[in-house]
Amino acid sequence: MEKDFFKMVYEVVKLVPKGRVTSYGAIANYLGSKSSSRVVGYAMNASHKIKPKVPAHRVVNRIGLLSGKKHFETPFQMEELLMKEKIVIKNDKVIDFKKIFWDPQKELKF
DNA sequence: GTAATGACCTTGG
DNA sequence: ACCAAGGCCATTA
């Protein structure tokens, strides 16, 4: 129900290039509501139950912290996946987050 | 049906 | 500069 917002989020997350990460606020802002960042996080929470599993490991908070790593099947899954993407993780934080940060509003720009 | 929470971010004092 | 509160959508109790 009302998965419009969720669907958009999943679409954007699935569009995230390999080796890149995005933030909840960026997606929310891209959708039009910067304040709806919480909804993006909630969408990710349901990302494991939806049909097409989205790369939620590529989505982190604004500081690049793996906030939802505990919500994964295994906390190491997120780090492992990110590591496979050639992304360096340190203390549950993404190194060079600014460099690998993928902003839909900026990259896609509609 | 109402109330509270959640993988957050922005703005105000 | 730091601390506090609000706002958004959906789900669960």
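Numbered from 1 within each chain, the chains take letters A, B, ... in sequence-line order. Keep in mind it's a predicted model, so treat the numbers as computed, not measured.
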**Request:** Let me know the distance between CE of M8(A) and C1' of dA10(C), rounded to the nearest Å.
**Result:** 16 Å
**Message:** I need the full list of salt bridge (Lys or Arg N to Asp or Glu O under 4.0 Å) pairs touching residues 60-69 of chain A, with sequence neighbours left out, sorted by first then second residue.
**Reply:** K69(A)-D92(A)
Atom pairs and distances, side-chain donor-acceptor, residues 36-49 of chain A, under 3.5 Å, sequence neighbours left out:
unit_1, atom_1, unit_2, atom_2, d
S47(A), OG, M44(A), O, 2.3

Side-chain donor-acceptor distances from residues 77-90 of chain A under 3.5 Å, at least two apart:
unit_1, atom_1, unit_2, atom_2, d
E85(A), OE1, G19(A), N, 2.8
E85(A), OE1, R58(A), NH2, 3.2
E85(A), OE2, R58(A), NH2, 3.3

**Request:** Take nucleotides 7-13 of chain B nucleotide by nucleotide from the 5' end and write B, S or -, depending on whether a protein heavy atom sits under 4.0 Å from the base, only from the sugar-phosphate, or from neither.
**Result:** BBS----
**Request:** Using the C1' atom as the reference point in each nucleotide, state the distance between dC3(C) and dA7(B) in Å, no decimals.
**Result:** 24 Å
**Complete:** Residues pairing under ring-ring contact (aromatic ring centres under 6.0 Å, His included) where one sits in residues 51-98 of chain A, two or more places apart or in two chains, turn out to be F97(A)-F101(A)
**Fill in**
Contacts of K14(A) meeting side-chain contact (heavy atoms from CB on, under 4.5 Å) (sequence neighbours excluded), chain-then-number -> Y10(A), P52(A), V54(A), P55(A)
